[in-house]
Amino acid sequence: MRSNPATPAVRWCALGRTTGGDFEALAHHADGTASGPTPIPVGDLAGFVATLERDHAPRWVWQSSAAVYPQLLSAGVRVERCHDLRLCHQILRNSQYVADRSALAAATQWIATPASEDISAADSGPALFDLDALPRGHNQPATLADALSEYDRQRAAVNGSSHPGRLSLLLAAESAGALIAAELAAAGIPWDAAEHDRILTRALGPRPASYADKPALLAAAGARVREALGDPLLSLDSPPKLLRALRAAGIQTSSTSQWELAEHSHPALGPLFEYKKLSRLLTANGWAWLDEWVRMGRYRPVYIPGGVVTGRWASNGGGALQLPRVLRPALRADPGWTLVIADVSQLEPRVLAAMSGDTAMAAAGRDTDLYSGIVATSTIANRDDAKIAMLGAMYGATSGESGRLVPQLRRVFPRAMGLVDGAADIGERGGTVTTWLGRSSPEADLDWREAQSQASMPGATPQDEQIARRSARERGRFTRNFVVQGTAAEWALAWLAEIRKQLASFPESEHSPSAESSGPVFSRRPHLAFFLHDEIIVHTPANQAAQVAEVVQAAAAAAGNLLFPGGAVDFRLDLHITDRATKQ
DNA sequence: GCGAACAGCGCG
DNA sequence: AAAGCGCGCTGTTCGC
């Protein structure tokens, strides 16, 4: 349906900015020829992309999806695939799979400026560098020539790498993720503001007339704390003051955090925990949050693909990745629509089993809850202990309950444990580790290396050695976790990308007024609405939900086979079809 | 008076 | 400062 005999198929099409602020494009055909550059006035971009997309669905090669795709989506234009030069550069310039990184290293204008970093904030710092010479890849639009030469560098890097197949997968997955992040923002999370208000009112009391007023139940909990501590004017929101008051009341604590206070018993503590819980809900996700973030039945967070060193997404705006479970019932499908909610059971341990080729661990998770499967091997007594042990193995616990249980795991799952122990060992020695598909951990920073060399100097003090030892261990825990967390993020991207691909071919449904809030591209089709590391929610016309659920399930199997051919490890989903997300 | 740093807690 | 990883957000404290 897409083939057009008059023109050869377009494989990929690069876009760049002109100095005048317009675009130009160069199309690369299947027969090896190229056409262009074609000038595109900025106002014609959506039309140009829509036409080429309809006829050829090329891979769009552009500087940054975050910079162009939101506008395309709001103009009603969806694209099938892209190559996000900025995100891919970030991966390749660090990847240990790429033997010769000199060309990428020299392309400093492509270094991504962290989205959270405000360049002007750096102005006040010491003048270590000439700020005008600093790379500002994210802020400076790339020309077509820039984009083409960077694309060449990146393909050369992949082709010359030790794992071109894996790296290609990673770049495709990362780029698909960039499209999905923009699409999630465009579609928005269907959010029931009235339900959110009911949840707040039930917990905190009726909405106060002004943000400055404390809700009744929060104020009441505060009053009970002050009474129990015999300090009627105490400010509970100031940790130093609260700490002094707690100690004055005879509670021997070194902090005001719940984990430590939970060890003590005092009549003030129950009300204090209640106060903290309510205060957190009000300040992080109270009525002010609702007013600021929910419009027309949608919450639109900003996702930042690759925002975490491990490759996980970050977010900014409203804390999309930290929505408290109590608010989940506010996530509600439009009338006539429903939600398909799926999360992966024990994603990280399963990823570890797959990447280490630990057949015993793979077997423990086959057709069952992995933790129960570990209990069935008779190495660990119960599910809770199995979970604590597993987390300890992946995070590097050395003491306590968790540290005590890890050695049991080491006996039954030597290959899996060998992989994470090896990663920790490399990190402790200052080395770099790499995920399955090729994302490498950052190098040890200057402070860290100095601390290590300081400790090995002839005049090193016991303190020097202690500091070096501790920071080495810390880095070991980071690299230990990096390989697992990072590979799990890669699996999740592959899962997302496959779901997205399948959903795009669903037939359009009838017009539904409330769904218009999801914008022109998504208001008539099932679409991803939420993503949280190992969980997705698809918002879908109710009559297509069963089919969507099958797609989500099949995509998990596909992601497993894509990353780990052979399918030794099951990636099990917990899947529900429901109008409203529930707390659990 | 402003911004960085910290404490605390939400999520995986 | 959790015994153990990765984040973002809010309110307070602290230093310039």
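Note on naming: letters A, B, ... go to the chains in the order of the sequence lines (proteins, then strands), and numbering restarts at 1 for each one.
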Practice prompt. Might you work through the side chain to side chain donor-acceptor pair (under 3.5 Å) test for A/Thr434 and A/Ser440, ending with a clear yes or no?
Written response: CA-CA 4 Å; A/Thr434 299; A/Ser440 294; 2.7 Å; yes
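- Ring geometry for A/Phe564 versus A/Phe571: interplanar angle under 30°, hence parallel rather than tilted (30 to 60°).
- Taking atom CG of A/Leu243 as the reference point, atom P of C/dG11 lies 21 Å away to the nearest angstrom.
- Distances shown here put a side-chain N or O of A/Gln258 below 4.0 Å from the OP1 or OP2 atom of B/dC9.
- Of the residues near DNA chain C, A/Gln322 and A/Met394, the one whose nearest nucleotide (by heavy atom distance) lies more toward the 5' end is A/Met394.
- Separating the P atom of C/dG4 from that of B/dG12 is a span of 22 Å, rounded to the nearest Å.
- Atom C1' of nucleotide C/dC9 and atom CG of A/Asp237 are separated by 15 Å, given to the nearest angstrom.
- Within 4.0 Å of A/Ser402, counting heavy atoms only, lies at least one base atom of the nucleic acid.
- Atom CD of A/Glu348 is separated from atom C1' of B/dC11 by 13 Å (rounded to the nearest Å).
- Proximity note for A/Thr310 (side chain, C-beta onward) versus B/dG8, C/dC7, C/dG6: the nearest is C/dG6.
- Of the candidates B/dG10, B/dG8, C/dA3, B/dG8 carries the atom nearest the A/Thr256 side chain, counting heavy atoms from C-beta on.
- Taking only side-chain atoms of A/Thr283, from C-beta outward, the nucleotide of C/dC5, C/dG4, C/dT10 with the closest atom is C/dT10.
- Looking at A/Gln485, its side chain has no donor and acceptor atom pair within 3.5 Å of the base of C/dG6.
- Rounded to whole Å, the distance from NZ on A/Lys276 to C1' on C/dG11 is 12 Å.
- Backbone-only engagement by A/Gly396 is indicated by non-hydrogen atom pairs under 4.0 Å involving sugar-phosphate atoms exclusively.
- No contact: A/Leu347 has no heavy atom under 4.0 Å from any strand.
- C/dA1 sits 14 Å from B/dA5 when the P atoms are compared, rounded to a whole Å.
- Under 3.5 Å, the side chain of A/Arg312 and the base of B/dG12 form at least one donor-acceptor pair of N or O atoms.
- Of the candidates B/dG8, C/dC7, C/dA2, the closest approach to any side-chain atom of A/Val308 belongs to C/dC7.
- Following rounding to the nearest Å, A/Arg244 (CZ) and C/dT12 (P) show an atom-to-atom distance of 15 Å.
- Stacking of A/Arg166 on the aromatic ring of A/Trp436 is recorded, both the 6.0 Å distance cut-off and the 45° axial limit being met.
- Between A/Asn316 and A/Ile304 the shortest side-chain heavy-atom distance falls below 4.5 Å.
- As judged by a 4.0 angstrom heavy-atom cut-off over every strand, A/Glu401 is placed among residues making no nucleic acid contact.
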Discussion item. Between A/Asp84 and A/Ser65, is the side chain to side chain donor-acceptor pair (under 3.5 Å) condition met? List the steps.
Written reply: CA-CA 6 Å; A/Asp84 189 302; A/Ser65 305; 2.9 Å; yes
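- Here the separation of C/dG15 from C/dA3, taken at their C1' atoms, is 33 Å to the nearest Å.
- Pairing for C/dA3 is absent, judged as Watson-Crick or G-U wobble with the two contacts each under 3.5 Å.
- A cation-pi arrangement is not found for A/Arg298 relative to A/Trp191, the charged atom failing to lie both closer than 6.0 Å to the ring centre and inside a 45° cone about the ring normal.
- Between the P atom of C/dT10 and the CG atom of A/Asn285 lies a distance of 9 Å, rounded to the nearest Å.
- The nucleotide C/dC16 finds its pairing partner in B/dG1, both defining distances of the Watson-Crick or G-U wobble pair being shorter than 3.5 Å.
- Looking at which nucleotide of DNA chain C each of A/Glu263 and A/Gly307 is closest to, the 5′-most match is held by A/Glu263.
- Nearest to the side-chain atoms of A/Val309 among the listed nucleotides C/dG6, C/dT12, C/dG8 stands C/dG6.
- Among C/dT13, C/dG4, C/dC5, the nucleotide with an atom closest to any side-chain atom of A/Thr398 is C/dG4.
- A/Ser279 comes within 4.0 angstrom of no nucleic acid atom, judged by non-hydrogen atoms across all strands.
- Using a 4.0 Å heavy-atom cutoff across all strands shown, A/Ser315 reaches sugar-phosphate atoms only and no base atom.
- Nucleic acid contact for A/Gly403: none, since no nucleic acid atom lies under 4.0 Å from a heavy atom of the residue.
- Atom pair A/Arg477:CZ and C/dC7:C1' shows a separation of 17 Å (rounding to whole Å applied).
- The separation between A/Leu321 atom CG and B/dG12 atom P is 10 Å, rounded to whole Å.
- Scanning all heavy atoms of the two residues, the minimum distance from A/Trp313 to A/Pro305 falls at CD1-CA, 3.5 Å.
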